[in-house]
**Q** 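My questions will all concern the structure given below.
Residues: numbered from 1 along the sequence shown.
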Amino acid sequence: MTASEVREITIGTWAIELDNGENLGALNVGDAVDLYTGTDFDGLWIAKEFSEQGTVITLQVGKVVENCADDEAISCPYSGTRHAHPADVDGRVLRRPEIAAPPS
């Protein structure tokens with residue numbers, strides 16, 4: 001399986017340093033993060049969930065959209081603005097995870 005076929009990854013929050021010097025533990029569920037070239041999984045990802053201790057995060061492949069209101073199942077308050085959603089293997093937009101802070 002190649003990185004382009006992976007739709008979800010689970011990694012330690014410390015495994016990748018973000019541009020602002022923080023690690024993945026600084027994200028909230030539902031936040032989008034662009035992992036830059038040089039990581040094993042470059043591209044856009046959405047924070048899906050944290051482990052109970054907050055030391056492991058699961059990310060889903062993301063897709064930038066502007067109008068997602070056409071799909072009632074998505075029910076997104078951000079429709080009409082550029083934002084990110086998880087995407088399935090065919091590139092279809094999925095519902096965003098509920099926004100939540102990581103465990104402290």
**Q** Test of understanding: with side chain to side chain donor-acceptor pair (under 3.5 Å), list the residues that count as partners of Arg92, not counting sequence neighbours.
**A** Asp88, Asp90
**Q** Can you measure from CG (Leu94) to NZ (Lys48) and round to the nearest 0.5 angstrom?
**A** 9.5 Å
**Q** Quick one: pull up CZ in Phe41 and CD1 in Ile9 and give me the separation to the nearest 0.5 Å.
**A** 5.5 Å
**Q** Please list every donor-acceptor pair under 3.5 Å in which a side-chain atom of residues 54-61 meets a protein atom from a residue at least two apart or in another chain.
**A**
| residue | atom | partner | partner atom | Å |
| --- | --- | --- | --- | --- |
| Thr58 | OG1 | Thr10 | OG1 | 2.9 |

**Q** Which is it for Tyr78 and Arg96 under the side-chain contact (heavy atoms from CB on, under 4.5 Å) test, yes or no, and what are the steps along the way?
**A** CA-CA 10 Å; Tyr78 302 107; Arg96 289 172 49 95; 3.9 Å; yes
**Q** Through direct or indirect side-chain contacts below 4.5 angstrom among Ile, Leu, Val, Met, Phe, Trp and Tyr, which residues connect to Val64?
**A** Leu44
**Q** Mind listing the closest non-hydrogen atom pair of Phe50 and Leu27 along with its distance?
**A** CZ-O, 3.2 Å
**Q** Would you say His85's side chain and Arg95's backbone share a donor-acceptor pair under 3.5 angstrom?
**A** no
**Q** Write down the atom of Ile46, the atom of Ala84, and the distance for their closest heavy-atom approach.
**A** CD1-CB, 3.5 Å
**Q** So, for Thr13 and Asn23, which heavy atoms are closest and what is the spacing to 0.1 Å?
**A** O-CB, 3.1 Å
**Q** Step by step, would you call His83 with Cys68 a side-chain contact (heavy atoms from CB on, under 4.5 Å)?
**A** CA-CA 10 Å; His83 62 286; Cys68 56; 3.4 Å; yes
**Q** Do Arg7 and Val89 touch side chain to side chain, with heavy atoms closer than 4.5 Å?
**A** yes
**Q** According to salt bridge (charged side-chain N to carboxylate O under 4.0 Å, His left out), who are the partners of Lys63, at least two apart in sequence or on a separate chain?
**A** none
**Q** A side-chain contact here means heavy atoms from C-beta on lying under 4.5 Å apart; do Leu18 and Leu24 qualify?
**A** yes
**Q** Apply side chain to side chain contact (heavy atoms under 4.5 Å, CB included) to Asp19 and list each qualifying residue two or more places apart in sequence or on a separate chain.
**A** Tyr36
**Q** Taking side chain to side chain contact (heavy atoms under 4.5 Å, CB included) as the definition, give me every residue that meets it alongside Asp34, ordered by chain and number, with sequence neighbours left out.
**A** none
